[in-house]
Number of protein chains: 2
Amino acid sequence: MHGELQELGRAVKQAQYRQHRALDSALQAVGTTLAQWDALRAISRSPGASARELAAATFQTEQAFGTLAGRLTAQDLVERRPGHGRRIEHHLTPAGEQVLAAGRKVADRVLADCFSALPDTDRATLLDLLRRLNTLQEAH
Amino acid sequence: MHGELQELGRAVKQAQYRQHRALDSALQAVGTTLAQWDALRAISRSPGASARELAAATFQTEQAFGTLAGRLTAQDLVERRPGHGRRIEHHLTPAGEQVLAAGRKVADRVLADCFSALPDTDRATLLDLLRRLNTLQEAH
DNA sequence: CAGCATAACTAAACATCTTTATATAAGCTA
DNA sequence: TAGCTTATATAAAGATGTTTAGTTATGCTG
């Protein structure tokens, strides 16, 4: 039982690692990185969101997202406008939209490749299991 | 189809992130970190292994493992002896063994907690799917 | 209004990891 | 033996992330 849990943990890590590496490498061709593209994607999903909200959406701390957003702003991919209170609202620039779109094409290809090892049914099962694992954890 | 793959990717990342956070936080109580404990575990599994081998076992680059091993050596948890060629052989010190054991107790508890959301059968299915995903990828 | 609570951003230190480049040891081969 | 190849390690720079500790803006409450 013990060994099985440790193996499960390692399997999750390994899967995530492969995915991360594959995406990050491929995104270089579009001149971006996984962390940055993921941030662009999050901003695109919630235009005007605060750094705090976006940090949560991308699974990291506010500070980490803050420096990332700084790099994106320096590249003119993101615009940060002051909002209510200390809030800062994030929006994609046209250049940011372009990088996001280019990255999406790459990511779709890479992810398809990553998961092509599993037939459709199994992939669906996997998604279901992970979804349950993650949502049940949230309650906890 | 596209959206489903992206969601799958995010689900994997989220599961790994939770696990990482939970383990890392809990391991603080034993005075170590997830990265360091994982390195100790890898060394314990293959005593005398080179940095290169251990880097692969812990899913990272040689350089990353090198600095990690440096920190562990500084803490007297690991001993590095010169081997054949430029090879460096890694062994746990008695203190390292102790930290490893203490961490194992913590990790077992945390992992059990992490995956308790899923019933036994589902957990087994998840492990099977991940295992297949990872091994099939290796061939590729 | 004064004090406190909450939300949100920032700073500094440091751990971790990657990339790119370089160095060194052994073995093989011509 | 000289040169190539392979295995292994290290260095330096920078990206990414966490922790701990502020700072600032708003709102609430007495």
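So you know, we letter chains A, B, ... as the sequences are listed, proteins then strands, and number each from 1.
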Task: Atom pair CD (B/Gln16) and CZ (A/Arg10), whose distance is rounded to the nearest 0.5 Å - done: 12.0 Å
Open item on the list: Taking any heavy-atom pair under 4.0 Å as a contact, classify A/Phe65: base, sugar-phosphate, or nothing.
Closed with: nothing
Open item on the list: Which nucleotide wins on minimum distance to the side chain of A/Glu62, given the candidates C/dA8, C/dC17, C/dT18?
Closed with: C/dA8
Task: Side chain of B/His84 - closest among C/dT19, C/dG27, D/dT16 - done: C/dG27
- [ ] Map A/Gly83 and A/Phe59 onto DNA chain D by nearest heavy atom, then report which one ends up closer to the 5' terminus.
- [x] A/Phe59
TODO: Could you pick out which residue, A/Ala35 or A/Gly85, lies toward the 5' side of DNA chain D when each is mapped onto its nearest nucleotide?
DONE: A/Ala35
Task: 5' precedence on DNA chain C between A/Tyr17 and A/His90 (nearest-nucleotide basis) - done: A/His90
Task: A/Arg52 CZ to C/dT10 P, straight-line distance once rounded to whole Å - done: 12 Å
Task: Atom pair CG (A/Leu77) and OG1 (A/Thr32), whose distance is rounded to the nearest 0.5 Å - done: 7.0 Å
Open item on the list: Please confirm whether the shortest side-chain N or O distance from B/Thr33 to OP1 or OP2 of C/dA15 is below 4.0 Å.
Closed with: no
- [ ] Can you figure out which of D/dT19, C/dC9, C/dT19 approaches the side chain of A/Arg21 most closely?
- [x] C/dT19
Task: From A/Glu4 atom CD to B/Phe115 atom CZ, the distance as rounded to the nearest 0.5 Å - done: 10.0 Å
Open item on the list: If the cut-off is 4.0 Å, is B/Thr61 near the phosphate of C/dC17, judged by side-chain N/O to OP1 or OP2?
Closed with: no
Task: Along DNA chain C (nearest heavy atom to each residue), the more 5'-positioned of A/Ser25 and A/Gly66 - done: A/Gly66
- [ ] In plain terms, say whether A/Glu89 and A/Arg81 are close enough for a salt bridge, that is, a side-chain N and a carboxylate O under 4.0 Å apart.
- [x] no
Task: Sugar-phosphate, base or nothing in reach of B/Ser50, heavy atoms under 4.0 Å - done: sugar-phosphate
TODO: Select one nucleotide: of C/dC17, D/dA9, C/dC9, the one nearest the side-chain heavy atoms of B/Ile88.
DONE: D/dA9
- [ ] Could you tell me whether the side chain of A/Arg86 has a donor or acceptor atom within less than 3.5 Å of a complementary atom in the base of D/dT23?
- [x] yes
- [ ] Find the distance A/Leu27:CG to D/dT16:P and express it as a whole number of Å.
- [x] 12 Å
- [ ] When you get a sec, tell me which of C/dT19, C/dA25, C/dC9 is the closest nucleotide to the side chain of A/Arg87?
- [x] C/dC9
- [ ] Would you mind reading off the distance between A/His20 atom NE2 and C/dC17 atom C1', rounded to a whole angstrom?
- [x] 9 Å
Task: Sugar-phosphate only, base, or nothing, as touched by A/Glu89 at under 4.0 Å among non-hydrogen atoms - done: nothing
Open item on the list: From CG of A/Leu54 over to C1' of D/dT16, roughly how many Å is that when rounded to an integer?
Closed with: 17 Å
Open item on the list: When you measure from the side-chain N and O atoms of B/Arg71 to the phosphate of C/dT16, is any distance below 4.0 Å, counting only OP1 and OP2?
Closed with: yes
- [ ] Using whole Å, report how far CZ of B/Arg80 lies from C1' of D/dT8.
- [x] 11 Å
Task: NZ/NE/NH1/NH2 to OD/OE distance under 4.0 Å, B/Asp128 and B/Arg132 - done: yes
Task: Nucleotide C/dC17, atom P - distance to CG of A/Leu68 in whole Å - done: 18 Å
- [ ] Using a 4.0 Å heavy-atom cut-off across all strands, classify A/Thr67 as base, sugar-phosphate, or nothing.
- [x] nothing
- [ ] Could you grab the distance from atom CZ of B/Phe65 to atom CG of B/Asp38, nearest 0.5 Å is fine?
- [x] 9.0 Å
TODO: Measure from NZ on B/Lys13 to C1' on D/dG17 and round the result to the nearest Å.
DONE: 11 Å
Open item on the list: Between B/Arg45 and B/Glu53, does any NZ, NE, NH1 or NH2 come within less than 4.0 Å of an OD or OE carboxylate oxygen?
Closed with: no
TODO: To the nearest Å, give me how far apart CG (B/Leu23) and P (C/dT16) are.
DONE: 14 Å
TODO: Give the nucleotide from the list C/dT18, D/dT18, C/dG27 with an atom nearest to the side chain of B/Gln63.
DONE: C/dT18
TODO: Compare the minimum distances between each of D/dA9, D/dA21, D/dT23 and the side chain of B/Ala51, then state the nucleotide with the smallest one.
DONE: D/dA9
